[in-house]
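FYI, side chains are in, hydrogens and waters are out, and symmetry mates aren't considered; it's all heavy atoms of this structure. Bear in mind the structure is a predicted one, so any value in this text is a computation, not a measurement.
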Amino acid sequence: MRDNGEVTSATRRPQPPAPTVPPRLIATDLDGTLLRDDKSVSQRTVAALAAAEEAGIEVFFVTGRPARWMDVVSDHVHGHGLAICGNGAAVVDLHGGPGSHQFVKIRELATETALDVITLLRAAAPGTSFAVERTYSFHLEPTYPSLHMEPPDTIAPAEKLLAEDAQGADQPVLKVLAYHSDIAPDDFLGLARIAVGDRAVITRSSPSALLEISGPGVSKASTLALCCAERGISHEEVVAFGDMPNDVEMLTWAGTSYAMGNAHPDVIAAASGRTVANNEDGVAVVIERMLAERR
């Protein structure tokens with residue numbers, strides 16, 4: 001969901017704290033966290049994930065990416081094979097492989113709410129352009145820049161993209177994206193949260209001024225909490241990893257959490273520990289240490 005750029009730089013190799021209770025689930029973001037900047041999963045990380053699953057610790061990928069962008073990790077799912085996509089808007093079974101992912105749970109953004117948020121953001125930040133993320137398709141306005149991996153299914157004003165007769169209208173809306181070319185990313189996030197209030201959840205995972213808008217109460221943390229409750233796993237038994245503002249709630253909720261060495265300052269403040277950067281396999285570093293201590 002983001003073009004990884006250096007947000008902060010680690011000045012030392014932090015020593016992450018050990019979880020206070022034996023972990024039962026690892027929840028990790030992808031871009032800027034598990035994935036290296038070239039979008040690859042290192043062999044060291046692949047081995048660490050497999051070792052965690054073998055030790056009885058479930059691994060959940062928790063990402064802002066849509067389900068159709070999950071091919072990058074489909075080969076690395078074990079056991080349940082589930083991932084949380086769209087910042088909590090969907091739980092997806094990846095077992096089918098590329099092009100065959102199945103939606104297990106959907107927490108959609110109501111069309112009326114999406115239109116309301118768009119109206120408020122147009123007024124608060126003139127020049128904002130929008131895109132609409134549905135379960136199986138992607139639609140954008142003519143002024144929305146080419147930021148993503150795929151061509152859009154439809155190009156039209158947001159109000160037409162969300163109309164009852166729009167292409168893809170039979171699919172739930174998972175997210176609305178809002179982009180501004182002239183406002184600093186964190187300033188745009190703060191302005192939008194004030195303008196929208198509790199009508200929707202607004203966050204960001206890109207180094208550009210690109211906001212991700214989900215339904216009320218929908219976040220990585222809230223959907224992860226639902227998945228954990230279904231498994232009888234408490235938040236104290238979860239170890240989470242992240243690097244950007246869309247990870248903050250998840251890192252705060254988890255019993256043990258790690259900000260990557262390349263993390264946004266808000267993520268560093270929210271996490272209980274730090275690890276090295278994504279390009280240094282920071283997730284694998286923690287998992288290896290955690291499993292060594294269990295032995």
Flag the pair [X] / [Y] as yes when at least one side-chain heavy-atom distance between them is below 4.5 Å, and no otherwise.
{"X": "E288", "Y": "R44", "answer": "yes"}
{"X": "L140", "Y": "V132", "answer": "no"}
{"X": "S137", "Y": "Q171", "answer": "yes"}
{"X": "Y179", "Y": "S208", "answer": "yes"}
{"X": "V238", "Y": "T256", "answer": "no"}
{"X": "P66", "Y": "C85", "answer": "no"}
{"X": "L34", "Y": "T45", "answer": "yes"}
{"X": "D243", "Y": "N278", "answer": "no"}

*Please step through salt bridge (Lys or Arg N to Asp or Glu O under 4.0 Å) for the pair E230 and K105, ending with a clear verdict.*
CA-CA 12 Å; E230 292 169 356; K105 188 191 302 290; 3.1 Å; yes

Shortest non-hydrogen contact from [X] toward [Y]:
{"X": "S222", "Y": "R107", "answer": "OG-NH1, 2.8 Å"}
{"X": "F60", "Y": "L25", "answer": "CD1-CD1, 3.5 Å"}
{"X": "T223", "Y": "G88", "answer": "OG1-O, 2.6 Å"}

Same hydrophobic cluster for [X] and [Y], using side-chain heavy-atom links shorter than 4.5 Å among ILVMFWY?
{"X": "I287", "Y": "L30", "result": "yes"}
{"X": "L174", "Y": "V92", "result": "yes"}
{"X": "V59", "Y": "L35", "result": "yes"}

_Using the ring-ring contact (aromatic ring centres under 6.0 Å, His included) criterion, which residues pair with F130? Sequence neighbours excluded._
none

Salt-bridged, [X] to [Y], with N to O below 4.0 Å?
{"X": "K175", "Y": "E133", "value": "no"}
{"X": "R134", "Y": "D153", "value": "no"}
{"X": "E212", "Y": "R204", "value": "no"}
{"X": "E159", "Y": "R122", "value": "yes"}
{"X": "E236", "Y": "R24", "value": "no"}

*Taking the inter-plane angle between the rings of H235 and W253 on a 0 to 90° scale, is it parallel (under 30°), tilted (30 to 60°) or perpendicular (over 60°)?*
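It falls in the tilted class, 30° to 60°.
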
Distance (rounded to the nearest 0.5 Å) between [X] [atom1] and [Y] [atom2]:
{"X": "I84", "Y": "L226", "atom1": "CD1", "atom2": "CG", "value": "8.5 Å"}
{"X": "L161", "Y": "T111", "atom1": "CG", "atom2": "OG1", "value": "11.5 Å"}
{"X": "T128", "Y": "H180", "atom1": "OG1", "atom2": "NE2", "value": "4.5 Å"}
{"X": "L224", "Y": "I233", "atom1": "CG", "atom2": "CD1", "value": "9.0 Å"}
{"X": "L162", "Y": "T113", "atom1": "CG", "atom2": "OG1", "value": "11.0 Å"}
{"X": "D29", "Y": "S205", "atom1": "CG", "atom2": "OG", "value": "7.5 Å"}

_S219 and E249 side chains, donor-acceptor separation under 3.5 Å_ = no

*asked:* Under a 3.5 Å threshold, yes or no: a donor from one side chain and an acceptor from the other, between S234 and E237?
replied: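 The criterion, which ignores hydrogens and geometry beyond distance, is satisfied for E237 and S234.
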
*asked:* Can you confirm whether E150 is buried at CD, in the sense that more than 12 heavy atoms of other residues, nucleotides or ligands lie under 6.0 Å from that atom?
replied: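 Yes, because the 6.0 Å sphere around CD of E150 holds more than 12 heavy atoms from other groups.
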
_Evaluation steps, side chain to side chain donor-acceptor pair (under 3.5 Å), between D247 and H264_ = CA-CA 10 Å; D247 297 312; H264 186 282; over 6 Å; no

*Is there any ring-ring contact (aromatic ring centres under 6.0 Å, His included) pair reaching into residues 22-58, and which pairs are they, with sequence neighbours excluded?*
none

_Aromatic contact between F61 and F241, with the criterion being ring centroids under 6.0 Å apart: yes or no?_
no

*The single option from T63, N87, T203 passing side chain to side chain donor-acceptor pair (under 3.5 Å) against N246*: N87

